[in-house]
There are 2 protein chains.
Amino acid sequence: MGIIERKEREKQEMKNLILEAASRLFQEQGYEKTSIRNIAERIEYSPATIYLYYKDKDELFYGVHEKGFELLFEEMKPLMNIADPLERLRKMGDTYVRFAFEHPDYYDLMFIVSAPIENLHKHNEEWDCGLQNFCLLRDTVAECLEKQLIKPVEPDIAAMSIFSFVHGMVSLTIRNRFIMFPKEQLPKMFEASMDNMMNLITASP
Amino acid sequence: MGIIERKEREKQEMKNLILEAASRLFQEQGYEKTSIRNIAERIEYSPATIYLYYKDKDELFYGVHEKGFELLFEEMKPLMNIADPLERLRKMGDTYVRFAFEHPDYYDLMFIVSAPIENLHKHNEEWDCGLQNFCLLRDTVAECLEKQLIKPVEPDIAAMSIFSFVHGMVSLTIRNRFIMFPKEQLPKMFEASMDNMMNLITASP
DNA sequence: CATTTTACTAAACAGTGTTCATTATATTTG
DNA sequence: CAAATATAATGAACACTGTTTAGTAAAATG
């Protein structure tokens, strides 16, 4: 009975086809201007077909947001080879910011838009992809603390603070709230801010 | 000719009536679930009437977001009497966080939702209300730097970092991205984070 | 009072997410 | 192989959304 296995495979391929089309359209014209009908048209299926594979828009958005987290994780993984946790932490920050500006619509779905988390709550599921990435940060911070490379503080507090700081910069930029600063200066200011923050948290010998 | 003055006054009253209804509905059911038709129904006018006073939804959203900034400014003003800029900075942070959680939908429109800033760009206007509030922060930070109460750094970088840090915590909470932490512990963690950040930036004597 | 200006609205347009009865296709069974 | 069944896909509809426009009622003006 290889048929039901093929069917299952075809179902996954179809889910992926929809996800891929959605991701592309989000990237091309923004997720706000992308409708179910747009996605259906792109893959040459009826809008109703999408609902055979995704319960609703929130579930589809969750799928795309999950793809984003996988992409981010792939970019973070190589950094785990960096022995010095302090240097690793800094590089993680750079990677995070770069990811955000290279894939602003993924970032939006991952950390700003409500829909994906709405889906999570509806189905009482765990936020695995989000937690997986957060753990990279928390573990690195914890290692910095163990080796007394940064000033002592509760690990959760440190991780939360660093995450908040970087997300704050990124999300305020994405949502256009840094118009008091010239756009072309923002990248340099980001780096200066992150350098400054690293200096502040680093334990003085 | 007091008539045109009365007409002007009535026009302002009508704009305010719409704004008030919109604000109320946003607070009651969230801005996402509030439509122009809802607002029209609430004030017992036709939906088309709203378009005689606001060009489109973005302009209406801008109006509500402006009301939010006025409210925040009113809460910040009393703090300007605090002589010690470091203490003032800390209290500003507390006030900011409290404002965000007491008026999450205002906060959303002020710092997260795109619509109000879209309106700004459409009409090539300045973000007065946003800048007014940001100046309070920047001036306080500058004063801290002058009096050497915090570690030396470019004033803009310091203001940007502090703003990003607090906004990050608040927006990640509002958009439900802190589900790795128990909800009831978040307030205490916020305070610990802010205490920690104050300690980090404070100049050692 | 007649005329013009103003304020308002009903109805329509084009779009949205979503559901469901119906059809076409594929698989299984006699 | 043909008939019966299960699966996949869709057209059409529903209840919404923001927005525009033609037409109407009321107020201001001469």
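Every chain is numbered from 1 and lettered A, B, ... according to where its sequence line falls, protein lines coming before strand lines.
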| query | Can a side chain N or O of B:T49 be found less than 4.0 Å away from OP1 or OP2 on C:dC8? | reply | no

| query | Nearest-Å distance, CD1 (B:I36) to P (C:dA12)? | reply | 21 Å

| task | Find the distance B:D56:CG to D:dT20:C1' and express it as a whole number of Å. | result | 13 Å

| Hey, would you say the A:Y96 and A:F111 ring centroids sit under 6.0 Å apart? | yes

| message | I need the OH-P distance between A:Y45 and D:dG11, as an integer number of Å. | response | 13 Å

| said: Does a side-chain N or O of A:S46 approach OP1 or OP2 of D:dA9 to a distance below 4.0 Å, or not? | reply: no

| Hey, is the side chain of B:R37 pairing donor to acceptor with the base of D:dG18 inside 3.5 Å? | yes

| message | Quick check for you: among C:dC8, D:dT20, C:dT16, whose closest atom lies nearest to any side-chain atom of A:S35? | response | C:dT16

| query | Under 6.0 Å between the ring centres of B:F190 and B:F181? | reply | no

| field | B:N199-B:T202 side chain donor-acceptor pair, cut-off 3.5 Å | value | no

| task | State whether the number of non-hydrogen atoms from other residues, nucleotides or ligands found under 6.0 Å of B:E184 atom CD is greater than 12. | result | yes

| field | Value in whole Å for how far the P atom of C:dA10 lies from CG of B:L52 | value | 13 Å

| task | Check every atom of C:dA10, D:dG11, C:dT16 against the side chain of A:N38 and return the nucleotide holding the closest atom. | result | C:dT16

| request: May I have the distance from B:I43 (atom CD1) to C:dA7 (atom C1'), rounded to whole angstrom? | output: 13 Å

| query | Nearest-Å distance, OH (A:Y51) to P (D:dC14)? | reply | 17 Å

| field | Integer-rounded Å distance: D:dA8 C1' and A:K11 NZ | value | 10 Å

| query | What integer distance in Å separates A:E44:CD from D:dG11:C1'? | reply | 18 Å

| task | Enter the distance from B:M92:CE to B:N133:CG here, rounded to the nearest 0.5 Å. | result | 8.0 Å

| message | Does A:Y53 reach a base, just sugar-phosphate, or nothing at all? Heavy atoms under 4.0 Å. | response | sugar-phosphate

